[in-house]
Amino acid sequence: METTSNLLKQRREKAEALAQEGVKLFSNTFTAPQAIAEILPQGEPLSAESHDESGTTYRIAGRIMSMRKFGKAAFFHVQDTSGRIQIYVRRDTIGTENFALFKKWDVGDIVGVEGKLFKTKVGETSIDTRTLVMISKSLRPLPEKFHGLTDVETRYRQRYLDLIVNPETKETFQKRVEIIRLIREFLNNRGYMEVETPMMQPVPGGATAKPFKTHHNALGMDLFLRIAPELYLKRLLVGGFEKVFEINRNFRNEGLSTRHNPEFTMLEFYQAYATYHDLMDLTEEMVSWLAAEVTGSMELTYQDIPVNLAPPWRRLTMDEALVQVGGVDASLLENEAAIFNLVEEKGIQLQPGAGVGKAKTELFELLVEEKLIDPTFITSYPTEVSPLARRNEEDPSVTDRFELFITGREIANAFSELNDPVDQLQRFQQQIDQRGDDEEIHPVLDQDYVRALEYGMPSAAGEGIGIDRLVMLLTDSPSIRDVILFPHLKPEVKE
RNA sequence: GGGUCGUUAACUCAGCCGGUAGAGUAUCUGCCUUUUAAGCAGAGAGUCGCGCGUUCGAGCCGCGCACGACCCA
């Protein structure tokens, strides 16, 4: 501790020295600075080395990112949200006393600068300083400028550092915000209404996943962080809101990976008097538009793999995908025993009681999923694995459902909604019977949801899109932790 | 949960066959009024993730643990 704090000690001593000279280390009087990106272009007309004495005075504020000091002058760069600009300080301009104080400033300090624009001899627009203000003294050294901060653990644990020194990180999160803003715009423009439904639910439903449990003291009851908003959004369809969406967090008490964070952001939207076919068209339009808006093209590369998001997208039934993409013999799918044989051959362990629908889905996940690079809608999911989806009119063993895969990953899941309360009750019951032994999944029947359906829910279609995975795709991020500002990690041990 | 790899100065990284710990950047001192990975001269800076063991001697070998990354379930 003593020895490693050497640099910290030096910084504190400098700060104290400044304070003793009467410098406020944390001032708040330098307000309303201009955005660096906005004043930079105004330096353009100035010729090299010219100092425009009559010109406008500009005010900027930000963090010192680099410093080159000379005996009686210095250059440094200041970074704000919008960009960076070079600052030139001369002893003769700001005065000997001020310059002496300035020499105790460090990289990392947050400062305010006033001065006139000029261009250096290599043509960089810079501010010739008239006034310097210390806004916040930094007591810790920033990571090195050339290599930046690459240690992923530090980048995740101390995201603020990552954001200060790695411009790509900043861009990724700016894009994330933009993507979510555009999704809202897209849905609002089409008459969808944004709503908020409970994050704490007495009965966690709408998906099959392990929930987080919490307790409400005054109510004296356990609550669960939601694993999906689905059942509440459909209650709103019953209530007469015909187009609704929600963008918010879901929580799943399961393992972490490059594609799973315990809390993640989900878009769910529901539309009355529509089918899953309508949602395929909508999804195709929305995602390809998002890509064009955010990346400038519908053709992009994800981790060096080319992906073409230009519509139309391929649409296959699960059986077609198994045959065409998974290389399964078509005749085999007609024979239940043959399917189970294949499952065993592939080394897949099925839960007791699992039917042929579950078996097919497992085969699909093993043989097909990772091969779906360009966007592909997979339809005709078995009823057995789709407890909330409407049965297909011609073939009740499958549902009117699709999942969207891009770069081998599930991006969206949608279906024509089941609105027959009798069928719904049976399927809930069946689901509970199958998972009755797994206490962590909390298979509780949502009776109020069934009651809502008994009042009558319009025919409808609904969809969920994993925002984090979509952002990963559009920002070429390899891990979900790269698109979540503060991903969960185990607690730090040291310090 | 299993496997592989990683953890050395504030940051980025070397460290041979086991023999008293290295570089660049950053920091400090001096010089330096157009630099931009500024320059020149000098200096300081380490619980080698933690613990136990083997050894005359461990950053290095063995075992255990922690944290992280990737792959698998």
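Lettering follows sequence order; numbering is per chain, from 1.
The shortest distance between the side-chain N/O atoms of T150(A) and the OP1/OP2 oxygens of rC13(B) is below 4.0 Å. Between K490(A) and rA66(B) there is no side-chain polar atom (N or O) within less than 4.0 angstrom of OP1 or OP2. Of the side-chain N and O atoms in K72(A), one or more sit less than 4.0 angstrom from OP1 or OP2 of rU33(B). Side-chain nitrogen and oxygen atoms of K9(A) include none within less than 4.0 Å of the OP1 or OP2 phosphate oxygen of rC28(B). OP1 or OP2 of rA69(B) sits under 4.0 Å from a side-chain N or O of R481(A).
The base-pairing partner of rA37(B), taking Watson-Crick or G-U wobble contacts with both distances under 3.5 Å, does not exist among the strands shown. A 3.5 Å limit on both hydrogen-bonding distances identifies no Watson-Crick or G-U partner for rG18(B). Under the Watson-Crick and G-U wobble criteria, each requiring two contacts below 3.5 Å, nucleotide rG51(B) is paired to rC63(B). Using N1 to N3 plus N6-O4 or O6-N4 for Watson-Crick, or N1-O2 and O6-N3 for G-U wobble, each under 3.5 Å, rC70(B) pairs with rG3(B). The partner of rG24(B), taking Watson-Crick or G-U wobble pairs whose two distances both stay under 3.5 Å, is rC11(B).
Both D151(A) and R68(A) lie near RNA chain B, and the one whose nearest nucleotide falls closer to the 5' end is D151(A). Between P141(A) and S126(A), the residue whose closest nucleotide on RNA chain B is further toward the 5' end is P141(A).
Under 4.0 Å is where a charged nitrogen must lie from a carboxylate oxygen, and between R259(A) and D468(A) no such pair does. The pair E171(A)-K175(A) does not count as a salt bridge, with every side-chain nitrogen at least 4.0 angstrom from each carboxylate oxygen.
For the P atom pair drawn from rC71(B) and rC63(B), the interatomic distance equals 26 Å after rounding to whole Å. With P as the reference atom, rU8(B) and rG46(B) are 15 Å apart, rounded to whole Å. One C1' atom belongs to rC48(B), the other to rG59(B), and the distance between them is 5 Å to the nearest Å. For the C1' atoms, the distance linking rG68(B) with rC31(B) amounts to 45 Å, nearest Å. For the P atom pair drawn from rA10(B) and rG1(B), the interatomic distance equals 32 Å after rounding to whole Å. A gap of 14 Å separates the C1' atoms of rU7(B) and rU47(B), to the nearest Å.
K104(A) comes within 4.0 angstrom of nothing in the nucleic acid, heavy atoms only. Here T154(A) lies out of heavy-atom contact (under 4.0 Å) with every strand. Residue contacts shown for G255(A) are absent, as no nucleic acid heavy atom lies under 4.0 Å away. Among the protein residues, Y156(A) comes within range of the sugar-phosphate backbone only, with heavy atoms under 4.0 Å from sugar or phosphate atoms but none that close to a base. Residue-level contact check: L489(A) touches the backbone only, with heavy atoms under 4.0 Å from sugar-phosphate atoms and none from bases.
Here the side chain of Y88(A) is nearest to one of rC11(B), rU33(B), rC70(B), namely rU33(B). Side-chain atoms of R157(A) lie closest to rG68(B) of the nucleotides rG68(B), rU33(B), rU34(B). Across rU35(B), rC67(B), rG24(B), the shortest atom-to-atom separation from the side chain of E153(A) is found for rC67(B). Comparing atom distances between the L7(A) side chain and each of rC70(B), rU33(B), rA10(B) picks out rA10(B) as nearest. Comparing atom distances between the V152(A) side chain and each of rG68(B), rA10(B), rA45(B) picks out rG68(B) as nearest.
Atom-to-atom, CZ of F76(A) to P of rU33(B) comes out at 18 Å; the value is rounded to the nearest Å.
Under 3.5 Å, the side chains of N261(A) and R252(A) contain no donor-acceptor pair of N or O atoms.
Residues Y160(A) and F486(A) place their aromatic rings such that the two centres sit no closer than 6.0 Å.
A donor-acceptor contact shorter than 3.5 Å is absent between the side chain of T301(A) and the backbone of P306(A).
Aromatic stacking is not marked for F70(A) over rC32(B), as the cut-offs of 5.5 Å for the centres and 30° for the planes do not both hold.
Under the 30°/60° scheme for interplanar angles, the aromatic rings of Y88(A) and F118(A) are found to be tilted.
A cation-pi geometry, defined here as NZ or CZ lying under 6.0 Å from the six-membered ring centre and within 45° of its normal, does not hold between R315(A) and F402(A).
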